[in-house]
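Contents: one structure, followed by commentary.
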Amino acid sequence: MDVRSEIIYMLKMANIFKKVLIIGSGGREHALVKACLKSPLVETVIAAPGNGGMKKEVECFDAKIEEPQEIVKLAIEQSVDFAIIGPEIPLCEGAVDALEAVGILTYGPNKSAARFEGSKIFTKEFLKKYKIPSAAFEKFSDSTSAIDYLRSLDHPPVIKASGLAAGKGVFIPESIQEAIEVVRSVMDEKIFGDSGSEIVIEEFMDGEETSFHIMVSGEYFAMLPTSRDHKRAGNGDTGLNTGGMGAYSPARDIPKSLFNRIVEEIVRPTIQGFIRDHINYRGTLYIGLMLTTEGPKVVEFNVRFGDPETQVLLPMLAQDPVDLMIKCAKGQKVPEIIPQKSGASAIVVLAASGYPNTYPKGDIISENKTPDGVEIIHAGTLMNKEGQVITNGGRVLGVTAYGENIDQAIKKAYQGVDAVDYASKYYRTDIGQVRGTF
Ligand code: AMP
Ligand code: GLY
């Protein structure tokens with residue numbers, strides 16, 4: 001080992017990471033940037049590709065983040081010590097494997113573990129193998145057999161493209177005709193490309209949805225605080241499904257007994273299954289759940305932090321999230337329950353009107369001073385050549401706030417909404433006041 005490598009090795013052993021690279025461009029990644037800037041373990045933060053708000057705080061680099069080698073190239077050029085991968089596509093493409101192959105410690109599951117989001121069939125077979133509660137299912141790789149199966153059903157089906165489909169690959173048809181149409185468009189017309197070559201048809205689960213975030217460190221896991229997301233575009237949990245219009249943490253309606261039941265019936269058996277199947281999972285596991293009359297059942301696994309949940313979860317941690325991510329990346333022991341602050345945090349997402357359908361881009365954003373305890377997180381924003389920050393996505397910004405309790409956090413977040421303005425500004429006015437849907 002030469003002197004430089006030896007120094008890097010010693011710093012890594014001491015958990016001091018001079019330069020951290022965040023991959024992604026959403027609100028989740030802006031929240032991760034802010035967490036790294038606050039961490040005593042980190043000296044410099046860079047991001048790729050970043051967004052208009054991240055650019056104001058850290059150096060951002062253009063890189064095709066879907067291609068692992070592009071990330072590796074940037075990380076080597078920039079002498080990065082630690083990388084955090086935000087979105088699912090680079091994780092499923094093997095960004096972690098590629099970075100670790102050149103000796104760069106990285107937070108996020110490797111390509112093999114990322115199949116839990118990249119392949120619904122893989123997840124369903126894993127759940128079945130380890131008897132983890134979930135909907136009964138069949139898998140299909142040709143439309144004729146899938147349609148024959150649909151005709152034989154006496155219960156309503158849920159149809160899912162097995163591969164990644166940007167959150168749009170799940171269908172709950174209301175008639176057999178609609179179900180057949182779905183199968184044809186996914187499998188024959190290939191509306192999701194190869195992601196729809198295989199499908200899952202599963203039973204419909206009735207109940208309330210919730211989700212849990214877990215930081216997995218090989219054989220260890222750390223439960224993050226609870227949170228609740230509001231996925232529908234309109235007030236009163238109405239309108240189209242979106243990526244999330246607001247969230248708060250902790251959730252109002254997860255009693256300790258239910259939390260413990262989910263840990264014992266779902267989380268622990270999942271981690272034990274990883275160990276038995278030699279899946280070296282080191283990153284976030286985001287479990288979508290249905291609380292049915294028979295108990296909690298898994299709806300889906302995601303291999304990344306939720307957005308906007310990350311923006312409310314990170315401020316609730318009483319332990320440095322960067323320290324936890326480093327420990328997970330190394331497979332070191334982490335506390336099963338992450339120590340949590342006593343108050344609550346909330347986010348109100350500011351979208352572009354029309355989202356999640358078509359919406360304008362390019363509105364100039366004006367940002368004024370926010371009240372104390374309120375932070376603006378950027379998502380779909382861009383800095384133009386003149387240095388102005390403009391809208392560039394459906395979810396534009398998030399106003400986050402920390403308060404003594406949930407109601408106070410939400411009130412403060414809404415007080416911060418007026419600090420930013422742009423022509424197409426749209427937001428829900430009832431975050432945290434209604435139950436929330438997923
Ligand atoms: P997924 O991408 O698998 O989480 O599915 C997206 C949404 O579809 C979920 O958040 C649920 O609202 C709904 N969903 C998925 N699977 C089922 C199921 N088996 N029963 C009822 N709803 C479901
Ligand atoms: N907010 C839901 C998600 O990140 O998938």
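We number each residue from 1, following the sequence as shown. For ligands, and for the atoms within them, numbers begin at 1 and follow the listed sequence.
By the 6.0 Å and 45° rule, R115 stacks over the aromatic ring of F122.
T391 contributes a side-chain N or O that, together with a main-chain N or O of D363, makes up a donor-acceptor pair within less than 3.5 Å.
Within the structure, every pair that satisfies the side-chain hydrogen bond (donor to acceptor under 3.5 Å, both in side chains) test and touches residues 288-300, not counting sequence neighbours, is listed here: E294-K297, E300-N302.
Shown are F274, F137, Y281; of these, the ring pair (Phe, Tyr, Trp, His ring centres under 6.0 Å) with F126 is made only by F274.
The ligand atoms of ligand 1 that sit less than 4.0 angstrom from a heavy atom of M290 are 21 (C), 22 (N). Each of the following atoms of ligand 1 lies closer than 4.0 Å to a heavy atom of E202: 16 (N), 17 (C), 18 (C), 19 (N). Under a 4.0 Å criterion applied to the non-hydrogen atoms of K160, ligand 1 contributes the atoms 3 (O), 15 (C), 16 (N). Under a 4.0 Å criterion applied to the non-hydrogen atoms of F204, ligand 1 contributes the atoms 20 (N), 21 (C).
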Check: every ligand 2 N/O to protein N/O pair under 3.5 Å:
residue, atom, partner, partner atom, Å
ligand 2, 1 (N), D229, OD2, 2.9
ligand 2, 1 (N), G243, O, 3.0
ligand 2, 1 (N), D307, O, 2.9
ligand 2, 1 (N), E309, OE1, 2.9
ligand 2, 1 (N), E309, OE2, 3.3
ligand 2, 4 (O), R304, NH1, 3.1
ligand 2, 4 (O), D307, N, 2.9
ligand 2, 5 (O), R304, NH1, 3.4
ligand 2, 5 (O), R304, NH2, 3.0

TODO: Would you sort out whether T429 and N235 count as a side-chain hydrogen bond (donor to acceptor under 3.5 Å, both in side chains), showing the intermediate values?
DONE: CA-CA 7 Å; T429 56; N235 279 345; 2.8 Å; yes
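Under 4.0 angstrom from ligand 1, there are no non-hydrogen atoms of K231. Heavy atoms of I172 found under 4.0 angstrom from ligand 1 belong exclusively to the side chain. When heavy-atom distances to ligand 1 are checked against a 4.0 Å cut-off, E300 comes that close only through its side chain, counted from C-beta outward.
At least one side-chain heavy atom of L150 sits under 4.5 Å from a side-chain heavy atom of P157. With contacts defined as side-chain heavy-atom distances shorter than 4.5 Å, the pair R282/V96 does not qualify.
Listed by chain and number, the residues in a salt bridge (Lys or Arg N to Asp or Glu O under 4.0 Å) with E265 are R261 (sequence neighbours excluded).
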Could you list the donor-acceptor pairs under 3.5 angstrom formed between side-chain atoms of residues 177-185 and any protein atom two or more places apart in sequence or on another chain?
residue, atom, partner, partner atom, Å
E178, OE1, E174, N, 3.0
S185, OG, E181, O, 3.2
S185, OG, V182, O, 3.1

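Look at D407 and K411 and you find no salt bridge, because none of the NZ, NE, NH1 or NH2 atoms lies under 4.0 Å from a carboxylate O.
Remark: ligand 1 and V170 share no N or O pair separated by less than 3.5 Å (distance only, no angle test).
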